[in-house]
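Step one of this worksheet: look at the structure below.
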Amino acid sequence: MVEELALARGITREQFVADAIREQAERGLAWRAFVQEGIDAADRGDVISQDEMEAWFEERIAARRQA
């Protein structure tokens, strides 16, 4: 399967594997940064309540129905 995917991209199996590892590492770093952003916001008290979130969703649903 790896060889087929590499061939379809016009690269060697080794290049494909190296690219896959690099892409996964980049995704992992991006995910960690995303989670840290949420933690930092919570630490600053930059949060909303469950009721506020539900109201926001209801507004979005109502606006979509009217469109």
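Side chains are part of it too, since the values below use all heavy atoms of this structure and drop only hydrogens, waters and symmetry mates.
- Looking at Q66, its side chain never comes within 3.5 Å of a backbone N or O of A63 through a donor-acceptor pair.
- Residue-environment remark: CD (E23) exceeds the threshold of 12 foreign heavy atoms within 6.0 Å.
- Atoms CG and OG1, on L7 and T12 in that order, are 11.0 Å from each other to the nearest 0.5 Å.
- Every side-chain hydrogen bond (donor to acceptor under 3.5 Å, both in side chains) that R27 has, sequence neighbours left out, goes to Q24.
- For R22, the CZ atom is densely surrounded, since the number of other residues' heavy atoms within 6.0 Å is greater than 12.
- Pairs passing the ring-ring contact (aromatic ring centres under 6.0 Å, His included) check and including a residue from residues 6-26, sequence neighbours excluded, do not occur.
- Residue pairs meeting the ring-ring contact (aromatic ring centres under 6.0 Å, His included) criterion with at least one partner in residues 24-44, sequence neighbours excluded, are W31-F34.
- Going from atom CZ of R60 over to atom CD of E58 covers 12.5 Å, rounded to the nearest 0.5 Å.
- A donor and an acceptor atom, one from each side chain of Q36 and D40, are located under 3.5 Å apart.
- Checking side-chain atoms of E54 against main-chain N and O of D51 turns up no donor-acceptor pair under 3.5 Å.
- Both I11 and L5 sit in one connected hydrophobic cluster of ILVMFWY residues. Membership requires side-chain heavy atoms under 4.5 Å apart, directly or through other members.
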Criterion side chain to side chain contact (heavy atoms under 4.5 Å, CB included) on R9 and D19, from CA distance to verdict: CA-CA 11 Å; R9 290 177 60 185; D19 288 349; 3.4 Å; yes
